[in-house]
Amino acid sequence: MNASMKREPLLEVKHLSVEYDAPNGTVHAVTDVSLTLHRGETFGLAGESGSGKSTLAYAVARLLNPPARVSSGEALYYPRPMPAQNGAHASRQAQSGGGAAWQPFDILRLSEEELRSFRWNDLAIVFQSAMNALNPVMDIGTQIMDVLWTHQSYLSKEECKQRAVELLQLVGIAPDRLKSYPHELSGGMRQRTVIAIALALSPEIIIMDEPTTALDVVVQRDILGEILRLQAQLGFAVIFITHDLSLLLELADTVAIMYAGRLVEQGSQRAVYEHPRHPYSYGLINSFPSLHGPRRKAYGIPGTPPDLRAVPTGCAFHPRCPLAFNACKTRLPLLRQVAATAEEGAPEQVACHLYNQAFREEAPTSADIAAAYEAKAERGGVR
């Protein structure tokens, strides 16, 4: 897919917030998140466990159940122009005035009938645990064909079976495995099966929620290579969610970092890797050793993520940040563009007062952030 196609918006999330109602206080899982996924793009979402990554994805896919609720925001989907179809798609096309050009629509406002048509046709999801995502008492062929029967009822049983075989071959599984049950497959094969189910109706967006969790590094590499090959072949866009930032730095075109339910940094893969602006992003990247280059001392991020029922005032990261100052404790930093080098491409966005000239004339360098982490480690971590 060419570069111009990649810049066409496909999904635009605007000011999305998600809360969980609980007897001991409201959990603010996602707060005022905005992002744009382009056609054919791999958008990486990283952060520690509990940062809101999966909640954000499940909100977009309309998979959240009470006590979770979307308290504000919208998720606009931009469909490709195409001839009128039956069902919910035709209904939406008629509402937008007919013709070949479709207007964007808000996924969060779809009726149940429209949502049933939208899911798997336009957006599919690969869940975190393949063993839990697959039905243990049904063979994988039946589970793949179930998607086809549900959404393409005009297909015959033989056509569904043939399509299931094609999908298994597409992800590198032999056709004779069609009658295998999930427990008869290795972890990597189960994950490939879930990817095959997600690809069944050729959706434009696939959300992958930590698809390599609990797999060994060799199988992880195989799965990532398979995802890249299939994306190049089929042209779908990916939202890839993980707590392992090293994976995103190999896979993603755009990387966004979440902390305590908010986006704190977003930019190209190269910009985030070579010059992480936010101290939290720097800590994540430098928490794993490099296989190349000179040896260096690594410093972990001190402390733990905050309780989302009582997020600290100001910047939620300030209790753990080695560069925090008074404004960080009282004023919430908003995402703002920062200048990028010619190699990095488009300007990066970061939510940090260190890049606000009202508080600091010069932005910190990576060396400044590294020195601050080292000093904080020597002082004993969290303030």
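Just the heavy atoms: all of them, side chains too, but no hydrogens, waters or symmetry mates, feed the values below.
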Nearest 0.5 Å, what's the [atom1]-[atom2] distance between [X] and [Y]?
{"X": "Leu64", "Y": "Tyr58", "atom1": "CG", "atom2": "OH", "answer": "9.0 Å"}
{"X": "Ile140", "Y": "Tyr181", "atom1": "CD1", "atom2": "OH", "answer": "11.5 Å"}
{"X": "Gln191", "Y": "Met208", "atom1": "CD", "atom2": "CE", "answer": "8.5 Å"}
{"X": "Leu35", "Y": "Met258", "atom1": "CG", "atom2": "CE", "answer": "9.0 Å"}
{"X": "Ile257", "Y": "Gln349", "atom1": "CD1", "atom2": "CD", "answer": "13.0 Å"}
{"X": "Leu148", "Y": "Ser153", "atom1": "CG", "atom2": "OG", "answer": "11.0 Å"}

Does [X] reach the side chain of [Y], with side-chain heavy atoms less than 4.5 Å apart?
{"X": "Glu12", "Y": "Tyr77", "result": "no"}
{"X": "Glu348", "Y": "Val272", "result": "yes"}
{"X": "Leu332", "Y": "Arg262", "result": "yes"}
{"X": "Pro203", "Y": "Leu123", "result": "no"}

Please check if the side chain of [X] supplies one atom and the backbone of [Y] the other of a donor-acceptor pair under 3.5 Å.
{"X": "Gln231", "Y": "Gly40", "answer": "yes"}
{"X": "Tyr355", "Y": "Arg277", "answer": "yes"}
{"X": "Arg192", "Y": "Val171", "answer": "yes"}
{"X": "Asp253", "Y": "Thr42", "answer": "yes"}
{"X": "Lys53", "Y": "Glu48", "answer": "yes"}
{"X": "Gln143", "Y": "Met138", "answer": "yes"}
{"X": "Arg163", "Y": "Ala200", "answer": "yes"}
{"X": "Arg119", "Y": "Arg62", "answer": "yes"}
{"X": "Thr150", "Y": "Asp146", "answer": "yes"}
{"X": "Arg39", "Y": "Glu8", "answer": "no"}

Between Ser17 and Asp32, is the side-chain hydrogen bond (donor to acceptor under 3.5 Å, both in side chains) condition met? List the steps. CA-CA 5 Å; Ser17 295; Asp32 196 27; 5.4 Å; no

Please check if the number of heavy atoms outside Arg221 that lie under 6.0 Å from its CZ is greater than 12.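 At most 12 heavy atoms, drawn from other residues, nucleotides or ligands, come within 6.0 Å of this atom.
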
Identified side-chain contact (heavy atoms from CB on, under 4.5 Å) counterpart of Leu11 within the set Thr36, Leu37, Ile207: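 One option only clears the test, and that one is Leu37.
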
Identify the residue among Leu167, Leu134, Val126 that makes a side-chain contact (heavy atoms from CB on, under 4.5 Å) with Ile197. Leu134

For [X] and [Y], which heavy atoms make the closest approach, and how far apart are they?
{"X": "Pro319", "Y": "Lys376", "value": "O-NZ, 3.6 Å"}
{"X": "Ala75", "Y": "Asp106", "value": "N-OD1, 2.9 Å"}
{"X": "Gln128", "Y": "Ser54", "value": "NE2-OG, 4.2 Å"}
{"X": "Pro305", "Y": "Tyr259", "value": "CA-OH, 3.8 Å"}
{"X": "Leu323", "Y": "Pro279", "value": "CD1-CG, 4.4 Å"}

Does either side chain, that of [X] or that of [Y], offer a donor lying less than 3.5 Å from an acceptor on the other one?
{"X": "Thr254", "Y": "Glu41", "answer": "yes"}
{"X": "Thr55", "Y": "Tyr20", "answer": "yes"}
{"X": "Asn286", "Y": "Tyr373", "answer": "no"}

If the threshold is 4.0 Å, N to carboxylate O, is there a salt bridge linking Lys161 and Glu158?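 Judged by the 4.0 Å cut-off on N to carboxylate O distance, Lys161 and Glu158 do not form a salt bridge.
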
Hey, is Arg336 close enough to Glu265 for a salt bridge, meaning N to O under 4.0 Å?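 Looking at Arg336 and Glu265, the cut-off is not met.
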
Under a single-linkage definition using a 4.5 Å side-chain heavy-atom cutoff for Ile, Leu, Val, Met, Phe, Trp and Tyr, are [X] and [Y] assigned to the same hydrophobic cluster?
{"X": "Leu155", "Y": "Trp149", "result": "no"}
{"X": "Leu334", "Y": "Phe317", "result": "no"}
{"X": "Met145", "Y": "Ile173", "result": "no"}

Running the 4.5 Å side-chain criterion over Ile, Leu, Val, Met, Phe, Trp and Tyr, what cluster does Tyr78 land in, apart from itself? Leu76

Which pairs with one or both residues in residues 357-370 pass side chain to side chain donor-acceptor pair (under 3.5 Å), sequence neighbours excluded? Thr365-Asp368

Mind checking whether Phe325 and Phe359 have parallel, tilted or perpendicular rings, split at 30° and 60°?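 Aromatic pair Phe325/Phe359 classed tilted.
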
Listed by chain and number, what are the ring pair (Phe, Tyr, Trp, His ring centres under 6.0 Å) partners of Phe240, not counting sequence neighbours? none

